[in-house]
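This report refers to the structure that appears directly beneath it.
Everything numeric here is computed off the predicted structure, so don't read it as measured data. Within every chain, numbering begins at 1; the chains are lettered A, B, ... in the order of the sequence lines, protein sequences first and strands thereafter.
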Number of protein chains: 2
Amino acid sequence: MSTSTASLVFSGKGPVASATADRVRAAAGALAYAGPDPLASSLRQGRVGTVAVVVEGPLRYAFHDPFALAVLDGLAEELDAAGRSMLLVAQPLDDPERAVAQLATQAVDAAVFPLCGHRDNPLVGHLRARGIPLVAGGAPLHPDVAHVLTDESAAMALVTRHVVDLGHSRIAHLTMPLRPSSVTGWVTDEDVREAVYPDAAGRVAGFRSIAGDDAPIVQAHDLTVEAGDAAARLLLDRPAGDRPTAVVAQADLLAAGVVRAAESLSIRVPEDLTVTGFDGVEIPWLDHVLTTVVQPGAEKGRRMGRLVRRAIEGRPVGDEPFEVRLSVGTTSAPPPCAPPLSAPRGPVAATET
Amino acid sequence: MSTSTASLVFSGKGPVASATADRVRAAAGALAYAGPDPLASSLRQGRVGTVAVVVEGPLRYAFHDPFALAVLDGLAEELDAAGRSMLLVAQPLDDPERAVAQLATQAVDAAVFPLCGHRDNPLVGHLRARGIPLVAGGAPLHPDVAHVLTDESAAMALVTRHVVDLGHSRIAHLTMPLRPSSVTGWVTDEDVREAVYPDAAGRVAGFRSIAGDDAPIVQAHDLTVEAGDAAARLLLDRPAGDRPTAVVAQADLLAAGVVRAAESLSIRVPEDLTVTGFDGVEIPWLDHVLTTVVQPGAEKGRRMGRLVRRAIEGRPVGDEPFEVRLSVGTTSAPPPCAPPLSAPRGPVAATET
DNA sequence: CGATTCGATCGAATCGATTCGACCCGACGC
DNA sequence: GCGTCGGGTCGAATCGATTCGATCGAATCG
């Protein structure tokens, strides 16, 4: 019995007499042989069945965001169906090169950047040099990366337009971090110009395209309810006349933080304050239905998974648009003391607590 | 220039003249060589730098539980520090063999079962046959697996004892699923005997050791707030006299569900109902501090990570105990109309709403 | 000045499977 | 009866790096 024949038996490929197959299996049992070594097999065949999934920042972070979870779930589903495993790689914000060193020793068939991330990523250069296909939803921006792309700017313009149409004129924006070490606070034009997270920057642009360049913008230092709460207080903890009547947030988690801040400041939503989000995730403890841009995360993940499959099979891949839609909930309403929609607008009264 | 020398340059091992090293690097640049092929390198060296992390059930599930997240985070931290990557493997509940087929084609240095799982797992047999070291926190139970082991029974006895000491005598238990396809409902002795999730079974045993074998037990079909809420209604949606004065839950998420159910039934916590949990996770939206057994998840994950490192280095590993402690919060109090603690107990009055 | 040692480089074996082409032999067709 | 076809099996090359031992020259030591 030769190794060639044994190989045919285990892979189930070639024509093998059933008697021989049995003899091979018997011998395997006797030698405690647990099947072909995956390493040697992969080396010969040129593929490993593994896809790197890169998460920028600690895993903990990504896993706190239900949208990210949905994306990963959809991605996992599709990769699983294709019989490929996920190699989870966390890329430290303060030392992105670490991930390069780590991945340099790992064999993968493809790499995915499923979540928001840095515009440039040193991993792209390394992986491209190795000829590994790259897929992303958003960042990193690079011609060699195939994207499942939400038009962030248009999507944010959509929801901002909704708020304007309700009659609001004092509208503020709450953005996700624009760069790795952002702190909660007001955002300057320079901050926007030098943003390195394209998703956040795109959404700011979309907001401004409708609300104007003078509308106030604050930034949360993190994509969490707490950070949204803290940032919202900058906007809301002041007399009613000096306060926006609407806050357009870049994420549902941030919007939930705004709602919470408003509650603790005795500002009613939506009567006194309109709040909108982005993503369309479930926030079970929230007593409102957020007005938001619904971006089906699981579907986005699956789309990336399909792109990965195509790329691994050697078929050509390119950017694909990803559609989103506005969902009007119970957190948006006309501003307090607003004139009827069809009438000309009067000055905004300041009669709140 | 020979390949041997080039290898020495890239691995940085052998003594190489700096002039030669430069020539090698120059040649590498000219040939667009991106460093040694990880596959070939691993084949020769016998290790791949990858650790399989097995999650039973869909990833979505595990990621909804803050405790599981903490464990994975601690594990990731430790593996990362050791320069190893995580291969995330989801094992379908309805077809565990799928994961065997998947892992059979993957090269890994070790495998971890970080979360609650099935008593027996076909992966154990396969991985042991390949000589891959195995680490777990809890299930699967197998002599060849090194565990970081919480004494579930003792821990649950601890918190149950606390409830008894407060004066409660009508105590119910809310368990996690005892087997893959459990449904929300009452638990029979047979259910307990035939449980396949050892963590849940161990906790039931601990509860019974203090509360007695006749104390009512319900089971949530899932480890979520919603499932806890649904299961709790079986216990709480009835006249006060016919209702337990305390619910000892097997997880904080379930306990949060109990609190929610109580709220919606106008049962006050802790005045009318004591609720206890398990794990000690943050539930930000909950207005109470749960009385619970604190089990530091991140630390448990790190402990498993360290066990993995030791095992990969070939050092001997065995089971290790993992300590937990009782934390008394604001959800436990003496039962309504309880006699003073030092006085002999009278019959429990049934005078609540 | 000869012997030893050390630094630098190279050859060749090795890790374990896959796969192409060759080979053998029984069956079938003409 | 001879040629052909094809199922079944095997040899040997290949994937790409690592590493042990050998080789060679120069420097050091006695």
Heavy atoms from C-beta onward define the side chain here; which of D:dT9, C:dT19, D:dT19 lies closest to that of A:Val16? D:dT9
From CG of A:Leu39 over to P of C:dA17, roughly how many Å is that when rounded to an integer? 11 Å
Which atoms form the tightest heavy-atom contact between A:Asp319 and A:His147, and what is the distance? OD1-N, 2.8 Å
Any side-chain N or O of B:Lys13 below 4.0 angstrom from OP1/OP2 of D:dT18? no
Rounded to the nearest Å, what distance is computed from the OH atom of residue B:Tyr33 to the P atom of nucleotide D:dC15? 14 Å
B:Glu78/B:Arg302 ion pair, N-O < 4.0 Å: no
Distance below 4.0 Å between B:Thr5 side-chain N/O and C:dC10 OP1 or OP2: yes
Does A:Ser7 put a side-chain nitrogen or oxygen below 4.0 Å from OP1 or OP2 of C:dT18? yes
In whole angstroms, the gap separating P of C:dC10 from CG of B:Leu8 amounts to 10 Å
According to the Watson-Crick and G-U wobble definitions, with both distances under 3.5 Å, which nucleotide is paired to D:dG30? C:dC1
Any salt bridge linking B:Asp80 with A:Arg98? Criterion: basic side-chain nitrogen under 4.0 Å from a carboxylate oxygen. yes
Does a side-chain heavy-atom distance below 4.5 Å link B:Leu93 with B:His118? no
With respect to the phosphate group of D:dT18, does any side-chain polar atom (N or O) of B:Ser41 fall under 4.0 Å of OP1 or OP2? yes
Among the candidates C:dC15, C:dT18, D:dG8, find the nucleotide nearest to the side-chain atoms of A:Thr20. D:dG8
State whether B:Ser2 places a side-chain N or O below 4.0 Å from either non-bridging phosphate oxygen (OP1 or OP2) of C:dC10. yes
Report the nucleotide, chosen from C:dA17, C:dA8, D:dG16, that has the shortest atom-to-atom distance to any side-chain atom of B:Leu43. D:dG16
Those residues that, when tested against B:Asp222, pass side chain to side chain contact (heavy atoms under 4.5 Å, CB included) (two or more places apart): B:Tyr61, B:Thr224, B:Ala227
What is the distance, rounded to the nearest whole Å, between atom CZ of B:Arg44 and atom C1' of D:dA17? 8 Å
Calculate the interatomic distance between A:Arg47 atom CZ and C:dT19 atom P; express it in whole Å. 8 Å
Starting at atom CZ of B:Arg130, determine the distance to atom P of C:dG16, rounded to an integer number of angstrom. 13 Å
Mind checking B:Pro15 for me? I need base, sugar-phosphate or nothing, with any heavy atom below 4.0 Å counting as a touch. base
To the side chain of A:Ala17, which of D:dT9, C:dG16, C:dA12 is closest? D:dT9
